[in-house]
Amino acid sequence: MTDHILIERPENAPGVMVIRLNRPDKKNAITRAMYQAMTDALTAGDADEAVRATVFLGSEGCFSAGNDLNDFMAFAMGGTMGREVIDFLHALAAHGKPLVSGVDGLAIGIGTTIHLHCDLTYASIRTEFRTPFVDLALVPEAASSLLAPRLMGHQRAFALLAAGDGFSATAARDAGLVYAVVEPRAVEEQTLAAAARLAAKPPKALAIARNLIRGDRGEVATRIDEEAGLFAAQLKSPEARAAFEAFMARR
């Protein structure tokens, strides 16, 4: 377990497990250890009958800037997305409890695509969603190429995932990525309140309803693996190497 991921059971939200990204000095950039800790938490939450809803939260002003740069460069050198990342994506897609997320500030890369798997997302008015995959000569991940067009329609999904356009909180709400836009100070409160309301509902009926709404999870799992294979292939490509060199030069 890493202290960059905090697992909480708030007293004011019975039945709710919170997975909190807690690396604010690095804008909650996600390391391999953090991916593993989140996978472990999702797995434990599935097995715990006391957990009836799961929440993702970041820090004030930042949900996540995406992958940790050092780990990302190691992925690039190794030509793989990383087993910890893929395991997390599968655990996220397969999680059996309602997923609620609260977003304040930056939500880049996986910091955006994680919310495609959430049932309700509350975003602050200052949130920006962005996925610069193609700018790095890479491809979408987390089954976003399947889920985003379903939620947002082809053109807005293309703008997000291929063109790399940023989406404000209100644009994300209008596109179906976000349920509600709130003031920054209200993000955590409203996210936890929504999760607590879900946790108080009859769990079997809620699970059936959620499964009917979400549809075939096998299709999502297949797309996660398909994207991971293409992501790994692109990591080895000359255009990706050139993009990484340009990115590092700018930094």
Side-chain angles (χ1 to χ4, degrees), residues 1-24 27-28 30 34-35 37-65 88 91-108 110-129 151 168-170 172-173 176-207 209-211 213-214:
M1 188 64 70
T2 170
D3 58 5
H4 292 148
I5 296 293
L6 303 179
I7 310 303
E8 303 165 353
R9 303 287 183 94
E11 292 184 1
N12 62 338
V16 174
M17 176 180 71
V18 175
I19 300 174
R20 186 186 298 273
L21 283 70
N22 182 46
R23 199 186 180 205
K27 297 181 180 179
N28 290 335
I30 305 176
M34 291 167 71
Y35 277 116
M38 290 191 292
T39 300
D40 292 344
L42 289 169
T43 302
D46 268 332
D48 188 346
E49 292 185 0
V51 174
R52 294 192 171 186
T54 300
V55 165
F56 283 99
L57 291 172
S59 305
E60 182 179 355
C62 184
F63 181 77
S64 176
F88 167 70
L92 178 66
H95 192 58
K97 312 296 173 70
L99 287 165
V100 184
S101 55
V103 193
D104 179 32
L106 284 179
I108 309 300
I110 185 66
T112 285
T113 56
I114 192 173
H115 307 292
L116 293 167
H117 296 270
C118 291
D119 302 295
L120 293 172
T121 295
Y122 292 79
S124 78
I125 193 67
R126 64 185 176 185
T127 296
E128 179 190 4
F129 298 94
L151 281 173
S168 67
T170 53
R173 180 193 60 199
L177 176 61
V178 163
Y179 174 62
V181 177
V182 301
E183 291 299 320
R185 65 181 180 274
V187 169
E188 183 164 335
E189 177 185 358
Q190 293 205 25
T191 301
L192 291 176
R197 289 194 297 270
L198 291 173
K201 294 184 182 297
K204 184 175 180 180
L206 180 58
R210 181 174 184 259
N211 288 335
I213 293 166
R214 293 174 74 89

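Numbers here simply count residues along the sequence, with the first being 1. Source: prediction; values computed, not measured.
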Asker: Which pair of heavy atoms, one from His117 and one from Thr113, lies closest together, and at what distance?
Answerer: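 The pair with the smallest heavy-atom distance is CD2-O, 3.7 Å.
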Asker: Check step by step if side-chain contact (heavy atoms from CB on, under 4.5 Å) holds for Arg173 and Thr127.
Answerer: CA-CA 11 Å; Arg173 180 193 60 199; Thr127 296; over 6 Å; no
Asker: With rounding to the nearest 0.5 Å, note down the distance linking CZ in Arg126 to SG in Cys62.
Answerer: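 With rounding to 0.5 Å, CZ (Arg126) is 10.5 Å from SG (Cys62).
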Asker: As a quick check of understanding, evaluate salt bridge (charged side-chain N to carboxylate O under 4.0 Å, His left out) for Lys97 and Asp46, giving each step before the final call.
Answerer: CA-CA 7 Å; Lys97 312 296 173 70; Asp46 268 332; 5.2 Å; no
Asker: Partners of Phe88 by ring pair (Phe, Tyr, Trp, His ring centres under 6.0 Å), sequence neighbours excluded?
Answerer: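 Ring pair (Phe, Tyr, Trp, His ring centres under 6.0 Å) check on Phe88 returns Tyr35.
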Asker: Can you confirm whether Asp104 sits close enough to Glu60 that some side-chain heavy atom of one is under 4.5 Å from a side-chain heavy atom of the other?
Answerer: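 A side-chain contact under 4.5 Å exists here.
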Asker: Measuring from atom NE2 of His115 to atom CG of Leu151, what distance do you get when rounded to the nearest 0.5 angstrom?
Answerer: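 Between His115 NE2 and Leu151 CG, I get 12.5 Å after rounding to 0.5 Å.
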Asker: Would you please name every residue forming a side-chain hydrogen bond (donor to acceptor under 3.5 Å, both in side chains) with Asn22, sequence neighbours left out?
Answerer: none
Asker: Please name all residues satisfying side chain to side chain contact (heavy atoms under 4.5 Å, CB included) with Ile19, sequence neighbours left out, ordered by chain then number.
Answerer: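 Side chain to side chain contact (heavy atoms under 4.5 Å, CB included) list for Ile19, sorted by chain: Ile5, Ile7, Met17, Met38, Ala41, Leu42, Thr54, Phe56.
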Asker: Any idea which heavy atoms bring Asn28 and Ser59 closest together, and the distance?
Answerer: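 Here Asn28 and Ser59 meet closest at ND2-OG, 3.1 Å.
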Asker: What pair of heavy atoms forms the shortest contact from Val55 to Ala195, and how long is it?
Answerer: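 Nearest pair, atom of Val55 first, then Ala195: CG2-CB, 3.4 Å.
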Asker: Measuring from Ile30:CD1 to Arg23:CZ, what's the distance to the nearest 0.5 Å?
Answerer: 10.0 Å
Asker: Which atom names give the shortest non-hydrogen contact between Ser124 and Gly105, and what distance separates them?
Answerer: OG-N, 3.8 Å
Asker: Who are the salt bridge (charged side-chain N to carboxylate O under 4.0 Å, His left out) partners of Arg197, not counting sequence neighbours?
Answerer: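 Listed in chain order: nothing, the list is empty.
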Asker: Let me confirm one number: the OG1-CG distance from Thr112 to Leu106, rounded to the nearest 0.5 Å.
Answerer: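 The distance works out to 9.5 Å.
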Asker: Going by atom type alone, with no hydrogens or angles, which donor-acceptor pairs under 3.5 Å involve a side-chain atom of residues 183-193 and a protein atom two or more places apart or on another chain?
Answerer:
unit_1	atom_1	unit_2	atom_2	d
Glu188	OE1	Arg20	NH1	3.3
Glu188	OE2	Arg20	NH2	2.9
Thr191	OG1	Val187	O	2.7

Asker: Where do Phe129 and Ser168 come nearest, in terms of heavy atoms and distance?
Answerer: CD1-O, 4.3 Å
Asker: Rounded at 0.5 Å granularity, tell me how far CG in Leu116 sits from CG in Leu99.
Answerer: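 Reported value, rounded in 0.5 Å steps: 12.0 Å.
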Asker: For residues Pro98 and Leu206, determine if any side-chain heavy atom of one lies less than 4.5 Å from a side-chain heavy atom of the other.
Answerer: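 Contact flag for Pro98/Leu206 side chains = yes.
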Asker: Nearest 0.5 Å, please: how far is CG in Leu57 from CZ in Phe63?
Answerer: 7.5 Å
Asker: For Ala65, what residues pass the side chain to side chain contact (heavy atoms under 4.5 Å, CB included) criterion, not counting sequence neighbours?
Answerer: Lys27
Asker: So, for Ile114 and Gly111, which heavy atoms are closest and what is the spacing to 0.1 Å?
Answerer: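 Answer, listing the atom of Ile114 first, then Gly111: CG2-O, 4.0 Å.
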Asker: So, do Ile213 and Asp119 sit near enough that their side-chain heavy atoms are less than 4.5 Å apart?
Answerer: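 When only atoms from C-beta onward are counted, Asp119 and Ile213 do not touch, as no gap falls below 4.5 Å.
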Asker: Are side-chain heavy atoms of Thr170 and Ile125 found at a separation under 4.5 Å?
Answerer: yes
